[in-house]
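Numbering starts at 1 and runs along the sequence shown.
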Amino acid sequence: MPSALIIPILKADAATRRVYARLDEAVDRDGEAMDYEASKPVFKAWSDAQAAVTGGASFGNVRGQHGKVAAGVVSSIEFDDIAKTVSFGIDVIDDGEWEKVIKGVYTGISPGGRGKRYRDAKGVKRFKLEKMHELSLVDVPSLPGATFTLAKADGGEEEVALIGVTPEPKVAGPDIDILKAFATAQTPR
């Protein structure tokens with residue numbers, strides 16, 4: 001899979017340790033866009049196989065940085081054929097990997113597998129998945145305009161860039177929902 005394909009985390013819920021991300025056909029940092037129609041069956045086959053193996057407890061395996069750490073499971077996967085998006089809900093089980101999410105180290109997810117690059121009829125660089133092995137929590141977003149909004153328990157919000165250092169919350173403990181994050185990709189739909 002192209003290493004630059006990294007999907008920004010859209011939302012992280014501290015209470016459930018669940019993160020949400022969505023992959024669409026937006027052009028990424030390498031000037032490539034996913035071919036939704038060609039990639040959807042690969043995502044679906046991978047997810048269906050994981051659901052069968054786990055009796056429906058997981059819709060996909062999740063690693064940390066494409067390594068050996070089993071970070072969690074895909075708790076939901078949804079396909080929107082009109083918007084041409086794949087949306088993921090991921091339950092982060094590993095304590096160390098969750099800490100990296102709430103500290104802003106991990107800012108996206110990336111499919112691990114094999115893909116093919118090509119140019120479409122309009123000359124746009126595209127990729128299509130051919131084989132999926134896993135999703136991974138990763139530290140570098142592919143969409144440079146993505147931001148995090150940290151939603152605090154007191155109702156306040158703080159928008160920070162996903163690239164660079166994420167500031168530490170000024171208040172610790174129960175006064176803050178450490179992370180309910182919403183990322184917005186600054187790409188046209």
Hey, what do you get for [atom1] ([X]) to [atom2] ([Y]), rounding to the nearest 0.5 Å?
X   : Y    : atom1 : atom2 : value
I90 : S75  : CD1   : OG    : 7.5 Å
I77 : Q50  : CD1   : CD    : 11.0 Å
R22 : F88  : CZ    : CZ    : 11.5 Å
R18 : D91  : CZ    : CG    : 4.0 Å
K44 : L129 : NZ    : CG    : 15.0 Å

Do [X] and [Y] come close enough that some side-chain heavy atom pair is under 4.5 Å?
X    : Y    : answer
R126 : R119 : no
V62  : V74  : yes
R117 : K128 : no

task = Output yes when a side-chain donor or acceptor of S76 lies under 3.5 Å from a complementary backbone atom of G89, and no otherwise.
result = yes
Looking at every non-hydrogen atom in both residues, tell me the closest pair between [X] and [Y] and how far apart they are.
X    : Y    : result
G64  : A71  : N-CB, 4.0 Å
P41  : A38  : CD-O, 3.5 Å
H66  : S110 : NE2-OG, 3.1 Å
P111 : M132 : CB-SD, 3.5 Å

task = Go through the steps for D95 and R17 under the test salt bridge (Lys or Arg N to Asp or Glu O under 4.0 Å), then give the verdict.
result = CA-CA 10 Å; D95 292 339; R17 289 174 49 151; 3.0 Å; yes
Answer yes if [X] and [Y] sit in the same cluster of Ile, Leu, Val, Met, Phe, Trp and Tyr residues linked by side chain heavy atoms under 4.5 Å apart, and no otherwise.
X    : Y    : answer
L23  : V42  : yes
I102 : V69  : no
V73  : L137 : no
Y106 : W98  : yes

query = Which pairs count as side-chain hydrogen bond (donor to acceptor under 3.5 Å, both in side chains) when at least one residue sits in residues 52-64, sequence neighbours excluded?
reply =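 Those involving residues 52-64 are W46-N61.
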key: Pairs touching residues 69-85 that satisfy salt bridge (charged side-chain N to carboxylate O under 4.0 Å, His left out), sequence neighbours left out   =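 Applying salt bridge (charged side-chain N to carboxylate O under 4.0 Å, His left out) to every pair that reaches into residues 69-85, excluding sequence neighbours, yields K40-D81.
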inquiry  = Applying ring-ring contact (aromatic ring centres under 6.0 Å, His included) to F43 and Y36, what does each step give before you reach the verdict?
reply    = CA-CA 10 Å; F43 278 117; Y36 173 81; 8.7 Å; no
ask   = Run the side-chain contact (heavy atoms from CB on, under 4.5 Å) check on Y20 and I109 step by step: do they pass?
value = CA-CA 9 Å; Y20 299 89; I109 63 172; over 6 Å; no
